[in-house]
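In what follows, every heavy atom counts, from backbone to side chain, and hydrogens, waters and symmetry copies are set aside. Chain A is the first sequence line, chain B the second, and so forth, proteins listed ahead of strands; every chain is numbered from 1.
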Amino acid sequence: MTGALSRRGFLGALGQTALGGLVLTVLPREADAKDEKDKAAKSEAPRVDKPPPGFTPNVFIHVGSDGKIVIMCHRSEMGQGVRSTIPALLAAELGADMAHVTIEQAPGDPLFGDQNTDGSSSIRNAFVELRQIAAVARTMLVAAAARRWKVAPESCHTEKSKVLHAGDARALTFAELADDAGKLPVPKPESVKLLAWKDLHLAEQSLPVIDAPAIVNGTAVFAADVKVPGMLIAVIARPPVVGGKLVKFDATRALALPGVKQVLEIPAPTPPYVFQPWGGVAVLAENTWAAMRGAKALALEWDLGKNASYDSQTYKDELSKSVSSAGTVARKVGDAEGALGKAAKVVQAEYHLPHLAHATMEPPATLAHVTEKHCELWTASQDPQTAREVAAKTLGLQTFQVTVHVTLLGGGFGRKSKADFVAEAALLSKLAGVPVRVQWTREDDLRHDYFHSVSTQQLTAALDDKGAITAWRHRTAFPPIGSTFNVAATRPGAGDLQQGVTDLPLTVPNVLAETCEAPAHVRIGWMRSVYNVFHAFSVNSFIDELAAARGVDPLAQRLELLGPPRKVSLSELGIEKLANYGAKLADHPVDTARMRNVVERVTQAARWDSRKQEGRALGLAAHRSFLTYVAVVAQVSKRADGRIAVDEVWICTDAGTVVNHERARSQMEGAVIFGQSIALHSGMTMKAGVAEQHNFHQYKLTRIGEAPRKIHVDLVESEGLPGGIGEPGVPPVAPAIVNAVFALTGQRVRELPLEKHGLV
Amino acid sequence: MIKLRINGEERALEVDPEMPLLWALRDVAGLTGTKYGCGEALCGACTVHLDGEAVRACVTPMRRCEGRAVTTIEGLSKDGSHPLQKAWCEQGVPQCGFCQAGQIMTAACLLANVPKPSDEEIDRSLAGNLCRCGTYTRIRAAVKQAAGIEEGSR
Ligand code: FES
Ligand code: FES
């Protein structure tokens, strides 16, 4: 990040008027212009020249001469607490008092580095870089003070927005130093010294939820809450099947409704669908109700296209067939087939999980204001830079001509990193000639999601005549996310299998993993913890099944398969490469010691030893994902009416260094409920290509009455490199519940949700 | 034209009598704290008080509001000082926050009728309020804190 570029970008953002804490106007920069034509276009865009007085070492931090400190949050807030965490980390490294800090949400702009709020990556991918950003500012403020006092910078430190001199009472506020600091050269981020982790004092603090006051008084701004003059609301009637086309439509009745202003056609996408609009007919109205009524009043005729043959029941049989014969080898140690041929006993199980919908509480929404040379967006996007590029492409504009303001997201879970709803808004605003806010209904959201993959897993183990496990074979079939981007993708790539297949430590001498064919007939997308959901489910269920088959305690079975504490090598895993969530294996090895530790801690906390008590049972599962180790014990019992209740859950997490313990705990609590929904209720099925679940009476989620009475969160204290927090809590939850159901009832559930079996 | 009292203020809204209160509040009255989550009385995100009773604004037509008093999250207190609002912040309840106005409005109605609710009463009253982020255990704790109920043996 160069000083000049950084400064210009930041000041552009800072100079804007703010509404509800959000930067709400335009951010043009000549520096972005690629050629003369660009520059000409650029010069017509509104601009901000006057920097506020003070010190702006980079795009993330501004220390005003008035003592006000602005810290930018470049990642999207969707409930994980990133707006509470990143600014707190920067402020701690800077030595700023949070009472002086205002948090601004960064617009979508490469100046801020990677903004894609996905993959539980906000801290784990930028822990050092973020601290360096603040350390640069601190170093400069300290240098300014040291100069004034004619002392060595090493004898100074920062605290509560002041530079203090060791050994005497000398102190200068950041405000007093801002102008001087601004005149100093900006040191290279790699050259500045970071504080010791313990000196940041974050581990022992319970950081406040920054947006909580605005959330509880109704002033927090989500995408659907933004208004601009002259704006219309659009609700879109989409083809019921993805890839379907409009044959004809009649808008007479819609246009006759009061408040309805325009009806516009959105062209059908061509595969691969990527982030193109789904197509359909949009009704633009003065208010949301009129737009919703208008969309219902359209007379529509569709050509449903080839995906209209998609039927979840039939597809389940196809997947079953797919895993019943050999696939493409993804992992190989020894000779699993040979060992299976010689086995005294073979244990085999097939697991099936349905499509899932993200079902964010806030359905997708985006406001776009498109003029001839500019597009301004207010969007609930997890990935504002992609939103910006998608809008530019949709409109035939250059990226710099698009400004993206990120509002709060009413849940994301991966849904809102897909920019299809942004493209819709941009296109409609252009066609309509006025600002347009696209509002998805809940029905739209559930029926037209980028669904989590449906999946079938077949697991097979060989036991010798002494009952020892001599082979482990895992076949996985699921339509991959790649199919949304490449029509030829019908099975997962190697990178996809790191999520619980190829990265699984096993002390079995012969291991084989294979991928099997599974073509996609809907848009597939990543959802919180992604493929780990079904891999963790099948692997943890199968370990439990092996324990039962061998008459071994499930905890002992797990520890036996995990083996002694060690860092597992690629050759032991039987693979050549491990994607490892983008991290070096040397930094983040597959570490069985950490896994054993969370398993042991969670089982101790849940009193696994005394688990056999009348009327209740415990189930255990553990999984490493996003470089974090999580173990879960669920306690279930039967209600008076015979249905299963999840009474209590223990979750132990080793995520390395945790910046914001309080939000990490809340993420683990949320992950338990999210996983419980997967185990008990949720499933999206297709009939004739159409999603059968349209609203929350059909797509069911955990409600308060079913939530465990208590969720015990145990975070392992660590100064190791940070892993993810938002996602890794989810995968072990469903298998822990299902294993507990087995312990309680003897019934082994291999297909989710439990609701399907009349158990809840 | 529908006349009603919103958060203590007399308002006359130029709306179709069939328009749900939710959209009249959000799009016409400019009160966006009340959220749309399902439109079918299935999620509780749109919960407001109509003459002191918790209702789902998404299925409450404006004609039913004529001459009545509506309280939204913006009007629950002047300054965020309602015991539930304070407890919600202290317990760190909100994750994404989208469901929370509805949760708080439902809980406010509960506490107005049952000052010291049991665990079962809390769960029953909030059964219609979904939270996809899964903040339920903290919601319970915050309701109890606001009601002055000691967290006992859990
Ligand atoms: S929006 Fe009214 S209950 Fe869901
Ligand atoms: S806090 Fe996100 S839905 Fe409840």
### Query
Should B/Lys35 and A/Phe222 count as side-chain neighbours, where that means a heavy-atom distance under 4.5 Å?
yes
### Summary
CD1 of A/Ile233 to CZ of B/Arg26, rounded to nearest 0.5 Å, is 8.5 Å
### Task
Go through A/Asn217 and B/Ile73 one step at a time and tell me if the side-chain contact (heavy atoms from CB on, under 4.5 Å) criterion holds.
CA-CA 6 Å; A/Asn217 71 16; B/Ile73 188 72; 5.7 Å; no
### A/His358 and B/Arg132: CA distance, side-chain angles, deciding distance, side-chain contact (heavy atoms from CB on, under 4.5 Å) verdict
CA-CA 9 Å; A/His358 300 79; B/Arg132 179 54 156 160; 5.5 Å; no
### A/Lys700, NZ atom: more than 12 neighbouring heavy atoms under 6.0 Å
no
### Message
Tell me the closest heavy-atom pair linking A/Gly411 and B/Cys96, and the distance in Å.
### Response
N-CB, 3.3 Å
### Message
If the threshold is 4.0 Å, N to carboxylate O, is there a salt bridge linking B/Asp123 and A/Arg703?
### Response
no
### Query
Is it true that a side-chain atom of B/Gln100 and a backbone atom of A/Val216 form a donor plus acceptor pair closer than 3.5 Å?
no
## Note on the structure
Applying a strict 4.5 Å limit to non-hydrogen atoms, the region of A/Ser677 in contact with chain B is side chain
#### Entry: Contact class of A/Met78 relative to chain B, heavy atoms under 4.5 angstrom
backbone
### Summary
When the 4.5 angstrom heavy-atom criterion is applied to A/Pro208 and chain B, the contacting part is neither
### Query
Is a salt bridge present between A/Lys227 and B/Asp27, judged by a nitrogen-to-oxygen distance below 4.0 Å?
no
### Query
By a 4.5 Å heavy-atom criterion (distance strictly below it), what part of A/Ala224 contacts chain B: side chain, backbone, both, or neither?
both
### Message
Let me confirm one number: the CD-CG distance from B/Gln95 to A/Asp211, rounded to the nearest 0.5 Å.
### Response
13.0 Å
### Residue pair B/Asp16 / A/Pro258: nearest heavy atoms and the distance that separates them
OD2-CG, 4.4 Å
## Note on the structure
Nearest heavy-atom contact between B/Leu42 and A/Phe696 is CD1-N, 3.8 Å
### Query
Checking heavy atoms, do the side chain of A/Ala707, its backbone, both or neither come under 4.5 Å from chain B?
both
### Query
Does a side-chain N-to-carboxylate-O contact under 4.0 Å join B/Arg140 and A/Glu669?
no
### Message
Assess the residue pair B/Arg124 and A/Ile704 against the criterion (side-chain contact (heavy atoms from CB on, under 4.5 Å)); give the C-alpha distance rounded to whole Å, side-chain angles, the decisive distance to 0.1 Å, and a yes or no.
### Response
CA-CA 8 Å; B/Arg124 214 177 315 126; A/Ile704 194 168; over 6 Å; no
#### Entry: Under 3.5 Å: donor-acceptor pair, side chain of A/Asn287, backbone of B/Ala24
no
### Query
Closest heavy-atom contact between A/Phe413 and B/Cys133?
CZ-SG, 4.2 Å
### Message
So B/Glu18 and A/Arg293, do their side chains get closer than 4.5 Å, heavy atoms only?
### Response
no
### Summary
Bottom line for A/Gln439: the part with an atom under 4.5 Å from chain B's heavy atoms is side chain
### Summary
Between A/Gly410 and B/Phe98, the two heavy atoms sitting closest are CA-CB, 3.8 Å
### Query
Rounded to the nearest 0.5 Å, what separation is found between the CG atom of B/Leu130 and the CD1 atom of A/Ile673?
11.5 Å
### Message
Is there a side-chain contact between B/Arg138 and A/Ser666 in this structure, where contact means two heavy atoms from C-beta onward sitting under 4.5 Å apart?
### Response
yes
### Task
Could you look at A/Leu409 and say if it's the side chain, the backbone, both or neither that has a heavy atom under 4.5 Å from chain B?
backbone
### Query
Do you know which two heavy atoms are closest between B/Tyr36 and A/Arg442, and how far apart they sit?
OH-N, 2.8 Å
### Message
Can you confirm whether B/Asp119 sits close enough to A/Arg709 that some side-chain heavy atom of one is under 4.5 Å from a side-chain heavy atom of the other?
### Response
yes
